[in-house]
S.K.: 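Dumping the structure here so I can ask a few things about it.
The first residue in the sequence is number 1, and the count goes up from there.
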Amino acid sequence: MKLYYCPGACSFAAQIALQEAGLPYEAERVDLNSGKLADGTDFRSINPLGYVPLLALGDGNFLLEDSAILLYVADLVPSLRLAPANGEFARYKLLERLNFIATELHKRFTPFFSNAPEAVQAANRAQLAALLAWLDGQLVDRDYQFGATFGVADAYLHAILNWTPYAHIPLDGLDRLLAFQKRVAARPAVQKALALEGR
């Protein structure tokens, strides 16, 4: 497998999941500013959409989007329970949360990376603050989003929460969310993923 990533981008969630799963893979860095790989290859020749992550599989297939990649990686090593098994109600709750992170959180950060007008950034900042406060409430008596066990939704949330300083969204008062971030950051797999990205 080969993961196309950009340091600090949402592809960090896939890096974490692959490290947690202990799966062998190659990491190929993409410069999203130039759209090039280290050897000068135009990344759009691999992914016409031009964004990361992209997980290329050995059989010629590939996956885009964190939610799909995270579930795929989790299902490769079901014994680790990084995601509930198909058919379990908890699987649908995981899908619900992955979609929440992708659509309600992830996309609301776009204005901060695209030089959007300050009014747009301010509106998104307010919306994100409310959503993050809700998430903080979901972590009552939980180490991770679904209890005491780390899962792929935690990798995705951690990657997205890393953008809050850049977007000037304080987490002050969101003590459970702050504790969650520290807990995930301390995981050996997260430390390996950070080192791999050179951060």
Side-chain angles (χ1 to χ4, degrees), residues 3-18 27-37 42-44 46-55 63-70 95-139 144-145 152-187 190-191 193-199:
L3 176 69
Y4 292 87
Y5 77 98
C6 179
C10 64
S11 53
F12 187 49
Q15 292 271 32
I16 294 170
L18 285 160
E28 182 83 29
R29 184 178 178 149
V30 179
D31 182 331
L32 292 179
N33 291 321
S34 69
K36 306 278 186 193
L37 305 181
D42 183 351
F43 182 53
R44 286 187 180 270
I46 299 164
N47 178 9
L49 296 173
Y51 60 74
V52 294
L54 181 146
L55 185 65
L63 288 169
L64 301 173
E65 306 297 341
D66 271 307
S67 296
I69 292 169
L70 293 171
L95 288 169
E96 175 185 79
R97 186 58 57 88
L98 289 172
N99 279 300
F100 171 83
I101 296 169
T103 62
E104 302 302 325
L105 296 182
H106 187 164
K107 285 302 177 188
R108 280 197 168 92
F109 277 94
T110 303
F112 304 106
F113 298 107
S114 63
N115 297 317
E118 181 52 41
V120 173
Q121 291 189 26
N124 277 33
R125 200 173 281 119
Q127 291 169 337
L128 282 163
L131 294 168
L132 294 175
W134 176 81
L135 271 174
D136 186 73
Q138 298 300 299
L139 289 167
Y144 300 103
Q145 290 179 83
V152 291
D154 300 307
Y156 198 4
L157 180 58
H158 178 72
I160 300 305
L161 288 177
N162 282 338
W163 298 342
T164 56
Y166 181 84
H168 305 292
I169 299 171
L171 299 181
D172 300 340
L174 303 180
D175 295 340
R176 289 178 289 266
L177 210 51
L178 285 166
F180 166 85
Q181 273 298 82
K182 289 179 183 173
R183 191 175 297 115
V184 176
R187 294 181 70 81
V190 177
Q191 292 300 309
L194 278 171
L196 191 151
E197 293 197 357
R199 300 192 289 134

S.K.: Give, for atom CG of L37 and atom CG of D42, the distance between the pair rounded to the nearest 0.5 Å.
M.R.: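 Separation between the atoms: 8.0 Å.
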S.K.: State the CG-CG distance between L70 and L63, to the nearest 0.5 angstrom.
M.R.: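 With rounding to 0.5 Å, CG (L70) is 10.5 Å from CG (L63).
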S.K.: If you round to the nearest 0.5 Å, how far is CG of L105 from SG of C10?
M.R.: 12.5 Å
S.K.: For a quick test of reading the model, state the closest non-hydrogen atom pair linking P53 to L3 and the distance between them.
M.R.: CB-CD1, 4.0 Å
S.K.: Would you indicate whether the side-chain heavy atoms of N162 and Q181 approach each other to under 4.5 Å?
M.R.: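 A side-chain contact under 4.5 Å exists here.
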S.K.: State, yes or no, whether a side-chain contact exists between Y4 and N47 at a heavy-atom distance under 4.5 Å.
M.R.: no
S.K.: Would you say F180 and Y144 make side-chain contact, with heavy atoms under 4.5 Å?
M.R.: yes
S.K.: So, do L135 and L161 sit near enough that their side-chain heavy atoms are less than 4.5 Å apart?
M.R.: no
S.K.: With E28, which residues qualify under salt bridge (Lys or Arg N to Asp or Glu O under 4.0 Å), at least two apart?
M.R.: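 Result, salt bridge (Lys or Arg N to Asp or Glu O under 4.0 Å) vs E28: K2.
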S.K.: Below 4.5 Å, heavy atoms only, C-beta onward: do T110 and N124 meet side chain to side chain?
M.R.: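 The answer is no; the side chains never approach within 4.5 Å.
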S.K.: Angle between ring planes, W163 versus F113, binned at 30° and 60°: parallel, tilted or perpendicular?
M.R.: perpendicular
S.K.: Considering non-hydrogen atoms only, spot the tightest contact between F43 and Y51 and give its length.
M.R.: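 So the two residues come closest at CE2-O, 3.3 Å.
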S.K.: Which is it for I101 and D66 under the side chain to side chain contact (heavy atoms under 4.5 Å, CB included) test, yes or no, and what are the steps along the way?
M.R.: CA-CA 10 Å; I101 296 169; D66 271 307; over 6 Å; no
S.K.: Please report the C-alpha distance between I169 and F109 in whole Å, then the side-chain angles of each, then the deciding distance to 0.1 Å, and finally whether the side chain to side chain contact (heavy atoms under 4.5 Å, CB included) criterion is met.
M.R.: CA-CA 10 Å; I169 299 171; F109 277 94; 3.9 Å; yes
S.K.: When you look at CZ of R29, are more than 12 heavy atoms from neighbouring residues, nucleotides or ligands closer to it than 6.0 Å?
M.R.: no
S.K.: Ignoring hydrogens and angles, tell me if any N or O in the side chain of Q191 forms a donor-acceptor pair with the backbone of A185 under 3.5 Å.
M.R.: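 It does hold such a pair.
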S.K.: Shortest non-hydrogen contact from V52 to S11?
M.R.: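 The answer is CG2-OG, 3.7 Å.
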S.K.: Roughly how far, to the nearest 0.5 Å, is the CZ atom of R44 from the NZ atom of K36?
M.R.: 11.0 Å
S.K.: Determine the minimum heavy-atom distance between L177 and L132, stating which atoms define it.
M.R.: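 Smallest heavy-atom distance, with atoms named: CD2-O, 3.7 Å.
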S.K.: Please confirm whether the backbone N or O of A153 pairs with a side-chain atom of Q145, one donor and one acceptor, at under 3.5 Å?
M.R.: yes
S.K.: Give, for atom CD of Q121 and atom CG of N115, the distance between the pair rounded to the nearest 0.5 Å.
M.R.: 7.5 Å
S.K.: Could you pull out the closest heavy-atom pair between A133 and L174, with the gap in Å?
M.R.: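 Looks like CA-CD2, 3.8 Å.
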S.K.: Does R176 have any salt bridge (Lys or Arg N to Asp or Glu O under 4.0 Å) partners at least two apart in sequence or in another chain, and if so, which?
M.R.: D136
S.K.: Please assess V152 against R97 for the test side chain to side chain contact (heavy atoms under 4.5 Å, CB included), listing each intermediate value before the final yes or no.
M.R.: CA-CA 10 Å; V152 291; R97 186 58 57 88; over 6 Å; no
S.K.: Heavy atoms only: give me the nearest A13-A159 pair and the separation to one decimal.
M.R.: N-CB, 3.8 Å
S.K.: Given the rule in the side chain to side chain contact (heavy atoms under 4.5 Å, CB included) test, do F112 and R125 qualify, once you have shown the distances and angles that lead to the verdict?
M.R.: CA-CA 9 Å; F112 304 106; R125 200 173 281 119; 3.2 Å; yes
S.K.: How long is the straight-line distance from CD1 of I16 back to CD of E197, given to the nearest 0.5 Å?
M.R.: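 Going from CD on E197 over to CD1 on I16, the span is 8.5 Å.
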